[in-house]
Each structure stands twice: as C-alpha cells, then as structure tokens.
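Atom set for the values below is all heavy atoms of this structure, side chains included, hydrogens, waters and symmetry mates excluded.
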Amino acid sequence: MSLAPSPAWTAYDPDAPASLWAIGTAPSAGGPVEYALSNRDVEADALWAARQLDALGIGQGSLIDLIHNYREGGQFWPFYLAALRIGAVVLNGMATPWDVGRMEMYARRFDLRAVVGVGEQTLEGLGSFGFDPAKVFERLPVLVAREGAVAALKAAGLDPHSLAVVGPIVLISAPGEEGAPYDTDEWAVEAQADGRLSVTAVGPRACGFERLDTGRTGRVVDGRIHLDPAS
C-alpha cells in the first residue's frame with residue numbers, strides 16, 4: 001500500500017518545506033505502508049528526536065550507533081539530523097544478523113555513549129559469531145533495544161531502554177518507565193474499542209494518515225503510549 005503523492009522528489013532542503021523529501025515505510029496491521037515525508041515533516045520529527053536524544057543523555061561530542069534497516073529511514077533519519085545538529089557523532093549498522101561485526105567493533109574500539117535499535121536479529125547474529133552480548137555492551141552508558149530483545153538482554157545482566165516502531169512513530173522508554181511519550185503536535189494516537197492503536201497525522205504533513213491501524217494494542221494515557229507486550 002502506498003500513500004505517496006505525485007510531486008517529484010527533491011534533495012533535503014529546509015528552505016522548501018512543502019517539497020517532498022523521501023518515501024518512508026510504516027508497519028501496519030495490513031503490512032508495510034509507504035508514506036510521503038516532506039522537508040517540513042523531517043524538520044518537525046528532528047525536533048522531537050532531539051528531545052529523545054536529550055533524555056538519553058546524548059549531547060555534543062557523544063558517539064552513538066543507530067541500528068536500523070533501510071525501510072526504517074523515515075523514522076530514523078530525524079535522529080541523525082538531531083544528533084548531528086547537537087554535535088554528536090553518528091555511526092550506524094543494519095538490524096540484521098550478518099552486520100553485527102560492525103556494531104561489535106564499534107563497541108569494542110570506541111567510547112560509545114549509546115547503541116540504539118538492538119533487536120532479536122542482532123542478538124542472533126552475536127550468538128552466531130560467538131559474541132557475548134553482556135561483554136559487547138558492558139561499557140555502554142545507554143543501550144536501547146527493540147521490544148523483542150529486552151528480556152534476553154536483561155537476562156544477560158543488562159538494563160536496556162525499550163524501543164518500538166509503531167507505524168511512523170518511534171517510541172523509547174527508560175527501564176522501569178510506564179509507557180513512552182510521542183509527539184502529540186504531529187500525531188493523534190487512539191485506542192479503539194478492541195484496544196487496537198491507530199495513528200492520525202494532526203500536523204500539516206505530506207501524508208495524511210487517517211486512523212492507520214498499527215496492528216498493535218495498548219492504551220494511550222496523558223501523551224504516553226502503553227503497548228501490550230504480546231501485540
């Protein structure tokens with residue numbers, strides 16, 4: 001399914017806010033949904049991402065590693081922009097088993113402030129290559145893991161933050177924190193009668209999501225999304 005408009009693609013240009021920047025991909029109940037991102041949308045999302053990075057203690061001079069796949073570029077590119085603007089240094093890697101060597105090398109050779117986006121496939125790859133996650137991540141001040149990897153990392157003696165990609169939104173919650181904040185200036189998230197979470201764009205975004213069924217269930221309380229773990 002595609003929600004992309006017809007205007008021609010342009011390179012990122014904050015001075016042309018309405019111009020199309022790229023096409024992102026959002027997970028949904030019906031499968032991946034392509035959606036348009038304008039320059040204005042990227043700016044808005046980068047401002048929110050900056051708040052998320054600040055909450056992780058990432059600032060000028062911080063070295064961070066972002067783990068994601070190409071199809072998540074719409075959700076993660078604002079984190080690159082936000083990090084670069086505050087003077088952080090950004091490395092990256094794929095959320096796949098075969099790319100764990102790069103992440104392990106970064107964690108071993110550099111003083112990383114954070115690794116963001118470690119998932120089940122990351123842990124699978126570490127095991128396949130004989131790496132112990134407890135050793136790989138032991139020096140990290142901040143580890144942000146996708147939901148499916150949190151329990152295994154806790155069992156290894158680590159205390160990760162939790163990350164979830166819900167439609168076009170990235171949710172990050174600290175250990176022990178109830179729910180995760182989201183940008184209420186850009187998105188309205190509703191729990192339907194059956195608990196299914198839907199997302200609607202409320203900012204003047206290029207893609208007018210209207211109650212996109214995310215395929216997740218949970219609750220929305222005071223600007224925080226509480227996901228049901230099994231959904």
Residues L56, V144; criterion side-chain contact (heavy atoms from CB on, under 4.5 Å); working and verdict: CA-CA 9 Å; L56 297 174; V144 183; 4.1 Å; yes
Cluster link V142 to L123, ILVMFWY, side chain under 4.5 Å: no
Where P133 and L158 come nearest, the two heavy atoms and their spacing: O-CD1, 3.9 Å
Starting at CG of D45, measure out to CH2 of W77 and round the result to the nearest 0.5 Å. 13.0 Å
Nearest-0.5 Å distance that lies between atom OG1 in T25 and atom CD in Q75: 7.5 Å
Is any side-chain heavy atom of P168 closer than 4.5 Å to a side-chain heavy atom of L212? yes
Would you say that more than 12 heavy atoms from the other residues, nucleotides or ligands in this model lie under 6.0 Å from the CZ of R51, or not? no
Heavy-atom donor-acceptor pair, R196 side chain to T214 backbone, under 3.5 Å: no
Rounded to the nearest 0.5 Å, how far does CD1 of I169 lie from CH2 of W48? 9.5 Å
Checking the side chain of E177 only, and the main-chain atoms of A174 only, is there a donor and an acceptor separated by less than 3.5 Å? yes
Between D228 and G218 the two heavy atoms that sit nearest each other are OD2-N, 3.5 Å
If hydrophobic clusters are built by linking Ile, Leu, Val, Met, Phe, Trp and Tyr wherever their side-chain heavy atoms come under 4.5 Å apart, do V199 and F76 end up in the same one? yes
For the pair N39 (side chain) and P17 (backbone), establish whether a donor and an acceptor sit closer than 3.5 Å, ignoring hydrogens and angles. no
Are L47 and L66 connected into the same hydrophobic cluster when the rule is that any two of I, L, V, M, F, W, Y join if their side-chain heavy atoms are below 4.5 Å apart? no
Mind checking whether I86 and Q60 have side chains closer than 4.5 Å, heavy atoms only? no
For a salt bridge (Lys or Arg N to Asp or Glu O under 4.0 Å) check, start with the C-alpha distance between R40 and E186, then their side-chain angles and the critical distance, and finish with the verdict. CA-CA 11 Å; R40 176 257 162 218; E186 293 295 306; 2.6 Å; yes
Would M94 end up clustered with V90 when hydrophobic side chains under 4.5 Å apart are linked, directly or stepwise? no
Working to the nearest 0.5 angstrom, can you tell me the gap between D194 CG and T217 OG1? 8.5 Å
Assess the residue pair R146 and E120 against the criterion (salt bridge (Lys or Arg N to Asp or Glu O under 4.0 Å)); give the C-alpha distance rounded to whole Å, side-chain angles, the decisive distance to 0.1 Å, and a yes or no. CA-CA 8 Å; R146 295 169 190 261; E120 291 176 279; over 6 Å; no
Measuring only between side-chain heavy atoms, which start at C-beta, is S173 closer than 4.5 Å to E178? no
In Å, rounded to the nearest 0.5 Å, how long is the span from CZ of R219 to CG of L197? 10.5 Å
Please determine whether salt bridge (Lys or Arg N to Asp or Glu O under 4.0 Å) holds for the pair R139 and D111, giving the CA-CA distance in whole Å, both sets of side-chain angles, and the decisive distance to 0.1 Å. CA-CA 8 Å; R139 296 195 302 127; D111 291 326; 2.9 Å; yes
Take R205 and L37, measure what side-chain contact (heavy atoms from CB on, under 4.5 Å) needs, and give me the verdict at the end. CA-CA 7 Å; R205 301 184 70 91; L37 284 156; 3.5 Å; yes
Is any side-chain heavy atom of Y182 less than 4.5 Å from a side-chain heavy atom of R224? no
Working to the nearest 0.5 Å, report the span between CG of L112 and CE of M103. 10.0 Å
Working note: S231 + R216, criterion side chain to side chain donor-acceptor pair (under 3.5 Å); need CA distance, chi angles, decisive distance, verdict. CA-CA 5 Å; S231 68; R216 302 297 305 268; 2.8 Å; yes
For a quick test of reading the model, state the closest non-hydrogen atom pair linking P160 to A145 and the distance between them. CB-CB, 4.1 Å
Heavy-atom side-chain proximity of L143 to L153 below 4.5 angstrom: yes
Taking atom types as modelled and ignoring hydrogens, do the side chains of D41 and S38 form a donor-acceptor contact shorter than 3.5 angstrom? yes
Are W98 and Y70 grouped together when hydrophobic residues (ILVMFWY) are joined by side-chain heavy atoms under 4.5 angstrom apart? yes
Are the side chain of D213 and the backbone N or O of G215 linked by a donor-acceptor pair below 3.5 Å? yes
Intermediate values then yes/no, side-chain contact (heavy atoms from CB on, under 4.5 Å), E104 and V136: CA-CA 6 Å; E104 185 277 335; V136 172; 4.0 Å; yes
Kindly give the heavy-atom pair with the smallest separation between S28 and V33, and that separation in Å. OG-CG2, 3.4 Å
With F79 as partner, the option from V170, V116, I64 fulfilling side chain to side chain contact (heavy atoms under 4.5 Å, CB included) is V170
In terms of heavy-atom contacts, E138 and K135 come closest through CG-O, 3.2 Å
Kindly determine whether T200 and W187 satisfy side-chain contact (heavy atoms from CB on, under 4.5 Å), including the steps that lead there. CA-CA 6 Å; T200 298; W187 309 105; over 6 Å; no
In terms of heavy-atom contacts, V220 and V189 come closest through CG2-O, 3.5 Å
Heavy-atom distance under 4.5 Å between the side chains of L140 and V115, does that happen here? yes
